[in-house]
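Values in this document were obtained by computation on a predicted structure and should not be read as measured data. In what follows, chains are A, B, ... by sequence order, proteins preceding strands, each numbered from 1.
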Amino acid sequence: MPTDPVIEVAGVTKTFAGVRALDDVDFTLNRGEIHALVGENGAGKSTLIKVLTGIHTPDAGRITRKGHISTIYQEVNLVPLMSVAANLFLGREPRNRLGLIDRARRSADAAELLTGYGITADVSSPLGTLAVGEQQMVALARAVEADADVVIMDEPTSSLEPREVETLLEVVRKLHEAGIAIIYVSHRMDELYRICDTVTVLRDGRSVHSGPLKELPRIELVSLMLGRSVNEIQKHGTTAFGEDHYAGREPVLEATGLTSKPRINAVNVAIRPGEVVGLAGLLGSGRTETAKAIIGALPLDDGTVLVAGKPVPHNVKAATKAGISMLAEDRKTEGIIPNLSVRENIVLAALPRLSRFGVISRARQDRIVDTFITRLRIKVSSPEQKVAELSGGNQQKVLLARWLCTEPKILLLDEPTRGIDVGAKAEVQALIDELAREGLAVLLISSELDELLDGADRLIVLRDGAVAGELEGAQLTREHVLGAIAAEVMDDADSN
Amino acid sequence: MTLTATRTRWLQDNGVYVAVVALLLFNALFTANFLTLGNFTTQLVQAAPVLIVALGMALVIGTEGVDLSVGAVMALAAAIIPLYLGAGPLVAITMALVVGLAAGAFNGFLVAEVGIQPIVATLALLVGGRGLALVIAEGQLVQLHDPAFLALGTGDVLGIPISVLIAVLLAVVVAGLTNRTTFGRQLVAIGGNRKAATLAGLPVNRVLVGVYAICGVLAAVAGVLATSRLAASDPADMGLLMELSAITAVVVGGTPLTGGKVRVLGTVMGVVLMQLVRATLIKHNLPDSIAQMIQAAIIIAAVYVARERR
């Protein structure tokens, strides 16, 4: 391939509050190439994009740009209440002789342009009335129409229907033919391998691999992203999970056919009392959505949830009452109530059970709070301390306590150890183990393979919103999990 | 925590009390006839309806909402009274409170079930409610003569005006509701982080409807008391701009507009402070227009002090 770089990045480093988001990163984008940029959450993709587009100034390193860059973000950054045509030409409207906006020409131009992108909607209708996929296409058309030489697409297909994905990929191919260079960020392996020429893998702020994509087997790509060598089988013992505590009883939770398009499709999950079931998969594979579907926080197209054989109505209140609790992934926005004290955060979900005729019994409340602070070893100056003042690990324990005092049968844990320090992490892991041994059914979602392999009795692997495999016993190895994530093992078997 | 941070924090929590004490001291020293029982009674009677409305407003603001319709609900209550006074004051008052409850529940329904932003949802009743009140009253001011009903506004128990007693009693009830009941704690949690409250399985919609309904009832109580004191039903003027006085008192009292916290005693003090400011200026022969500007300054000061919360 002829090298004609439109963007060249050399040795770029960017630090936020002492954390290295980018560490000596090199990156080259050649004219007319479709370049995949991949990596797990926090790998530095967004930071790199922001450095490329000039939003962030790097602390060190050199960036050379030739030409105009347009970025299309995951969420459409246009004005939903303005018409499609107005959005398309925002800031560069065609003018008539009086210098006023030439509305007729704007509409005609917009309609003509958008047909090329498979959009037949009325260009005078507000953008917000279009489907998300169509809006994305308008954003794309706008970016290209602005004479961009480089288009950066950040997870463009994450909220699209399969049909819309096809149209989008078609458009990307057309841009490619027109000589526009594209940086394509996505977690969807199929898409990447279909359209991308080259790939750069980021991990922990470093560029760990850069080269042609077609020559790189999927399983290699996945292991590069997750930082595990394919051959590296031996365990490090980095986690604090104890022995397996599988109990051969009937499942207490049976979720079947959970479908919420386009995020998850016909996912089945069954957990027995005392069992820890892990949900593995890349970011965006539908792990969080599966948990939210079980607890009734995600609107479902189809699927049923049974607790101890009885169907549970699809809403959070009913699910909580039936004994399902969920520790949300995002502690700050979906977990803690920052203004309230540790005590109030702990008893929140159990309030009705701690009160008589709606009046809270302070004595019972204090007793239960003291019990959990001791048992979970939550470090607080007093139960009245504001929860926002605690460390991440202690906040996580507070949330765990909130759910435990509702005496749940099923605990859904979404990334329970993310963003907490090593010591607290081991404690939380040991706690999960202990709870399962006491008979709780646990669904464990984690991006850390070690945590899943050590902590779970059984693993359900998700890929693109569907179950890609279930692993148990001797299959609980990195190779099997990576294989299922990358869909490589089965593909290999087919082609051999 | 540094010394300045501690001091700012202390001021955030206690600024309103400091201001009230300072104004009381100032008046005791420089205002003639201030330290008389008669003057205190007048001040408290004037403040009572505002306080009752502000209590409901504090609850609504605690859920990260606002209720602009309280003045209109007072007018509705005022319009209802003469219709039923013939059947006795108890019936008339009950009907007024029921209308307040219905109006509040309607607001709550729009906010919780339909999902309209509180400021817009309650704006509808702010405009429509007073219109309805005027239709009910046929645009007329009606003089009231029922002695039992009028006693509510003018009577006293052991020298304390009945309306003041009711206001204090309601403040105690609302404080208990906020701090000691499931409902109160759920209300604060919803205001603090609605997403988390939903995921915790709290009855979010039920609590929201309840909060707006309580606010409506309290506004109706204030309307009844003010009507009784006026000895006339005057839906055109009753409760005019009351929503602003109530919001002011709540904010000055240290309840953040961002929700997640309700300060009942602070709200009481906020009402007292605003009343004292007006009284002080009037007694020193300054026009009402100046009083309004000083109130504006106090609001900005209160919000400025609270600004560093996060």
Side-chain angles (χ1 to χ4, degrees), chain A residues 288 291-292 295-298 312 315-341 343-362 365 386-389 395 398-399 402-403 405-406 408 412 414, chain B residues 1 5-6 9 12-13 58 61-64 112-113 115 172-211 214 254-263 266 306 308-310:
Chain A
T288 298
K292 283 199 170 167
I295 197 152
L298 183 77
V312 179
N315 65 68
V316 180
K317 254 184 78 189
T320 310
K321 210 169 162 204
I324 309 178
S325 288
M326 176 169 175
L327 191 68
E329 176 181 11
D330 194 335
R331 272 197 304 276
K332 286 228 159 55
T333 64
E334 300 187 325
I336 62 163
I337 303 199
N339 267 340
L340 298 189
S341 66
R343 171 177 58 81
E344 295 196 292
N345 267 283
I346 289 180
V347 296
L348 184 70
L351 275 180
R353 304 183 329 126
L354 294 175
S355 35
R356 181 178 291 171
F357 305 120
V359 178
I360 301 163
S361 158
R362 186 59 193 264
Q365 202 183 103
K386 268 197 186 177
V387 79
E389 293 168 3
Q395 287 183 358
V398 166
L399 292 178
R402 176 192 292 173
W403 294 120
C405 66
T406 64
L412 315 175
D414 194 356
Chain B
M1 213 184 275
T6 319
R9 183 74 174 270
Q12 280 172 5
D13 288 341
I61 288 178
T63 65
E64 213 180 347
E113 305 283 347
V172 173
V173 169
V174 169
L177 183 77
T178 309
N179 297 314
R180 300 299 303 275
T181 68
T182 312
F183 177 83
R185 297 290 83 195
Q186 289 177 338
L187 172 173
V188 174
I190 291 167
N193 188 343
R194 187 154 169 186
K195 235 173 168 178
T198 310
L199 272 179
L202 303 194
V204 174
N205 288 1
R206 207 172 70 205
V207 171
L208 283 177
V209 172
V211 167
I214 290 172
T255 300
L257 283 172
T258 43
K261 189 172 173 182
V262 176
R263 293 186 64 183
E308 285 175 279
R309 270 281 170 220
R310 261 152 245 257

Listed pairs under 3.5 Å, donor-acceptor, residues 187-197 of chain B side chains, sequence neighbours left out:
from	atom 1	to	atom 2	distance (Å)
B/Asn193	OD1	B/Lys195	N	3.4
B/Asn193	OD1	B/Ala196	N	3.2
B/Asn193	ND2	A/Lys332	O	3.3
B/Asn193	ND2	A/Thr333	O	3.2
B/Asn193	ND2	A/Ile336	O	2.8

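The two atoms that bring B/Pro203 and A/Lys317 nearest to each other are CA-CD, 3.9 Å, heavy atoms only. Of all heavy-atom pairs spanning A/Ala349 and B/Ala200, the tightest one is CB-O, 3.7 Å.
Across A/Ala328, A/Ser361, A/Gly335, the residue that shares the most heavy-atom pairs under 4.5 angstrom with chain B is A/Gly335. Of the listed residues (B/Leu177, B/Asn179, B/Leu199), the greatest number of heavy-atom pairs within a distance under 4.5 Å of chain A belongs to B/Leu199.
In this structure, the portions of A/Glu334 lying under 4.5 Å from any heavy atom of chain B include both its backbone and its side chain.
Counting only residues at least two apart or in different chains, side chain to side chain donor-acceptor pair (under 3.5 Å) contacts with residues 348-357 of chain A comprise A/Ser355-B/Thr182.
Put simply, CG on A/Leu348 and CG on B/Leu202 are 4.5 Å apart, with the number rounded to the nearest 0.5 Å. Atom CZ of B/Arg185 is separated from atom CD of A/Gln365 by 9.0 Å, given to the nearest 0.5 angstrom.
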